[in-house]
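Below: the structure, in structure tokens.
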Amino acid sequence: MKDEILLKKSNDDFSDRVLQIVMQIPFGKVTTYGHIAYALGSKKSSRMVGYALNSVHNRDEIPCHRVINRNGELSGKLHFATPTLMRELLEGEGVEFIGEMVNLSKHLWIPETV
DNA sequence: CGGGTGACTTTAC
DNA sequence: CGTAAAGCCACCC
């Protein structure tokens with residue numbers, strides 16, 4: 001199971017690496033596109049992170065709602081089934097919101113550089 | 001091979 | 001708080 005994830009071809013594309021990091025986000029935590037990109041070695045490729053999530057098919061395995069932009073805003077909410085689903089999922093995990101943004105000070109999770 | 005696009009970020013005005 | 005521009009890189013046509 002998890003071994004398969006770690007054993008994935010070392011030649012993974014950027015997208016695959018993004019997905020693997022998103023999968024590692026702990027319950028009730030969130031991270032930003034920038035941090036994921038940084039963990040991959042290129043902070044400037046933050047756009048690719050969002051692009052990768054859009055390309056992912058197995059959403060059930062990827063908690064996309066835990067990936068937000070630098071402001072803590074749910075930039076990708078419009079890509080969910082409903083514009084409110086993303087926030088509902090996060091609140092359901094105990095994530096605190098400040099207006100339209102997530103309280104990053106409390107729930108920001110930084111991925112480990114693999 | 002080139003151009004358009006995008007779930008981003010930063011700086012600038 | 002608003003728009004604009006540049007930078008970055010994968011994917012699609």
Side-chain angles (χ1 to χ4, degrees):
Chain A
M1 305 283 283
K2 291 164 186 170
D3 297 318
E4 300 178 23
I5 299 175
L6 299 175
L7 289 175
K8 271 208 166 183
K9 27 184 177 178
S10 49
N11 217 14
D12 327 32
D13 294 318
F14 198 96
S15 307
D16 289 344
R17 298 190 186 181
V18 172
L19 300 185
Q20 296 197 25
I21 287 184
V22 174
M23 270 191 272
Q24 295 170 46
I25 303 177
F27 183 91
K29 293 285 182 180
V30 298
T31 193
T32 73
Y33 299 97
H35 279 120
I36 294 176
Y38 188 81
L40 294 174
S42 296
K43 158 189 169 188
K44 297 159 189 171
S45 38
S46 48
R47 299 183 89 157
M48 280 41 284
V49 178
Y51 194 92
L53 291 181
N54 191 18
S55 297
V56 70
H57 298 107
N58 34 333
R59 302 177 176 172
D60 299 330
E61 304 292 334
I62 312 296
C64 319
H65 57 277
R66 292 184 188 148
V67 184
I68 57 187
N69 69 5
R70 188 60 182 144
N71 276 328
E73 185 184 358
L74 312 182
S75 45
K77 66 182 179 184
L78 296 177
H79 290 263
F80 281 73
T82 64
T84 56
L85 177 60
M86 194 169 183
R87 177 164 179 165
E88 298 283 332
L89 291 171
L90 291 173
E91 289 182 327
E93 296 184 359
V95 175
E96 179 181 341
F97 275 75
I98 302 176
E100 297 296 322
M101 303 183 186
V102 174
N103 188 341
L104 293 177
S105 309
K106 279 188 166 189
H107 305 287
L108 178 60
W109 175 82
I110 300 176
E112 298 178 7
T113 307
V114 184

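Convention: sequence-line order gives letters A, B, ...; per-chain numbering from 1.
Across all strands shown, A/Phe80 has heavy atoms under 4.0 Å from base atoms, whether or not it also approaches the sugar-phosphate. Within 4.0 Å of A/Asn54, counting heavy atoms only, lies at least one base atom of the nucleic acid.
Here B/dG6 presents its P atom at 9 Å from CZ of A/Arg47, a figure rounded to the nearest Å. Atom-to-atom, CG of A/Leu40 to C1' of C/dC8 comes out at 14 Å; the value is rounded to the nearest Å. The nearest whole Å value for the distance from the CE atom in A/Met48 to the C1' atom in B/dA7 is 11 Å. Rounded to whole angstrom, the span from the CG atom of A/Leu78 across to the P atom of B/dG6 amounts to 13 Å. In this structure, CG of A/Leu19 is placed 13 Å from C1' of B/dA7, rounded to the nearest angstrom. The CZ atom of A/Arg70 sits 20 Å away from the P atom of B/dA7 (whole-angstrom rounding). Protein atom CD1 of A/Ile68 is 12 Å distant from nucleotide atom C1' of B/dA7, rounded to whole Å. Residue A/His79 contributes atom NE2, which lies 4 Å from atom P of B/dA7 at whole-angstrom precision.
With B/dG6, B/dT9, B/dA7 as the candidates, the nucleotide lying closest to the side chain of A/Lys43 is B/dT9. Of the candidates B/dT9, B/dA7, C/dC11, the closest approach to any side-chain atom of A/Tyr51 belongs to C/dC11. Checking B/dA7, C/dC9, B/dT9 against every side-chain atom of A/Thr32, the shortest atom distance belongs to B/dT9. Taking the side chain of A/Lys44 as heavy atoms from C-beta on, and the options C/dC8, B/dA7, B/dC8, the nearest nucleotide is C/dC8. The side chain of A/Ser15 approaches C/dC11 more closely than any other nucleotide in the set C/dC11, B/dC8, B/dT10.
Note that A/Arg70 lies outside the cation-pi zone of A/Tyr33, set by a 6.0 Å cut-off to the ring centre and a 45° limit from the axis.
One distance of note links CG of A/Leu89 with CZ of A/Arg66; it measures 9.0 Å at 0.5 Å rounding.
Contact annotation: A/Ser75 side-chain N/O to B/dC8 OP1/OP2 distance is under 4.0 Å.
Looking at A/His107, its side chain does come within 3.5 Å of a backbone N or O of A/Gly28 through a donor-acceptor pair. Side-chain atoms of A/Thr31 do not come within 3.5 Å of backbone N or O of A/Val67 as any donor-acceptor pair.
Below the 3.5 angstrom threshold, one finds a donor paired with an acceptor across the side chain of A/Ser46 and the base of B/dC8.
Proximity of A/Leu40 to A/Ile21: side-chain heavy atoms (C-beta onward) are separated by under 4.5 Å at one or more points.
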